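Here's the structure, in structure tokens; my notes come after.
Only heavy atoms go into these numbers, but all of them, side chains included; no hydrogens, no water, no symmetry mates. For this chain, numbers begin at 1 and follow the sequence in order. On a predicted model such as this, the values are computed, not experimentally measured, just so you know.
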Amino acid sequence: MPPLLRLTDFILVLFFFIIAIVAPLFDAQSILPRHFYPKLLLDLSSRYAAMYGDYLVEERPHFFVGLVWMELVVLWPLSVVNLVGVLGGKGWFGRSCLVFGVSMTTSMVAILSELIGSGRASDKLLMMYFPFLGLALLAFVRGLVSSSSKIADSGKRVVFARKKRA
């Protein structure tokens, strides 16, 4: 495996690990009843929202709640699957990474469009969200690279024997 691909996989392992932990413990607080969480996690989430001015976490607009549901139902399981895939060297990792990258990129574009378009987001808040867009794009490209290399490997010509004509 080329060194750049190994570095990319290392970065993605950290990213998938963060998503696997943050999604159920913090992001899900936007959609699940608050009594499911210990006071410490509720306080951390409130402190984050106040420190960064994250009005999406505080106000919970409907589109944001929908994206959080999608994150819990699709992205969270995919992050766990991707961890297994990359650490286990599974052949399907590229495809699941591609699905994760496309889905996460779509969510991040919607969130960042709201943050930038509303004019309510501070630079500090934008700098909190933009790395997630970059990492989602990295997952997307990583999925494309592994998919295109498999296509290139399987693209070898197969020559069939021809019947001789009289």
Side-chain angles (χ1 to χ4, degrees), residues 1 5-116 118 121 124-147 150:
M1 184 185 312
L5 205 54
R6 258 187 267 142
L7 176 63
T8 302
D9 286 351
F10 176 75
I11 292 168
L12 288 175
V13 163
L14 295 176
F15 179 48
F16 295 141
F17 184 73
I18 289 169
I19 296 296
I21 291 177
V22 169
L25 295 180
F26 292 99
D27 295 347
Q29 291 181 27
S30 298
I31 56 174
L32 298 176
R34 296 183 70 75
H35 68 272
F36 283 3
Y37 294 95
K39 185 172 176 8
L40 174 68
L41 289 178
L42 294 172
D43 290 345
L44 279 173
S45 185
S46 296
R47 196 172 306 136
Y48 155 78
M51 183 183 300
Y52 286 90
D54 196 337
Y55 66 93
L56 295 175
V57 171
E58 290 174 346
E59 297 172 8
R60 300 176 185 162
H62 296 296
F63 89 94
F64 183 72
V65 170
L67 290 175
V68 171
W69 271 112
M70 199 261 323
E71 181 180 7
L72 281 180
V73 172
V74 176
L75 293 176
W76 180 62
L78 271 175
S79 66
V80 174
V81 165
N82 282 336
L83 279 171
V84 171
V86 72
L87 294 175
K90 304 295 183 184
W92 44 259
F93 168 67
R95 288 182 293 261
S96 64
C97 194
L98 181 64
V99 172
F100 180 92
V102 168
S103 184
M104 183 75 156
T105 299
T106 303
S107 296
M108 292 313 302
V109 166
I111 290 170
L112 286 165
S113 295
E114 161 62 27
L115 292 174
I116 293 168
S118 72
K124 189 176 183 181
L125 180 60
L126 291 173
M127 293 313 291
M128 188 68 178
Y129 278 97
F130 267 115
F132 286 97
L133 176 62
L135 290 166
L137 288 170
L138 183 65
F140 171 69
V141 170
R142 175 61 174 95
L144 284 177
V145 166
S146 69
S147 295
K150 287 181 183 172

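Annotation: side chain of N82 is not in contact with side chain of L12 (no heavy-atom distance under 4.5 Å). Counting heavy atoms from C-beta outward, F16 and V84 have side chains that stay 4.5 Å or more apart. Side chains of L137 and M104 form no contact here, defined as non-hydrogen atoms less than 4.5 Å apart. D27 has its side chain out of reach of L72: every pair of non-hydrogen atoms, C-beta onward, lies at least 4.5 Å apart. Looking only at side-chain heavy atoms (C-beta outward), Y129 and D54 come within less than 4.5 Å of each other. S107 has its side chain out of reach of E71: every pair of non-hydrogen atoms, C-beta onward, lies at least 4.5 Å apart. No side-chain heavy atom of I19 sits less than 4.5 Å from a side-chain heavy atom of L78. The closest side-chain heavy-atom distance from F64 to E59 is not below 4.5 Å.
For F15 against A136, the heavy-atom pair with the smallest separation is CE2-N, 4.2 Å.
Between the side chains of Y37 and S45, no donor-acceptor pair of N or O atoms lies under 3.5 Å.
More than 12 heavy atoms of other residues, nucleotides or ligands sit less than 6.0 Å from atom CZ of F63.
Looking at Q29, its side chain does come within 3.5 Å of a backbone N or O of L25 through a donor-acceptor pair. For the pair S103 (side chain) and V99 (backbone), a donor-acceptor distance under 3.5 Å is absent.
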**Asked** Hey, mind stepping through Y48 and F26 against ring-ring contact (aromatic ring centres under 6.0 Å, His included) and telling me if it holds?
**Response** CA-CA 10 Å; Y48 155 78; F26 292 99; 8.6 Å; no
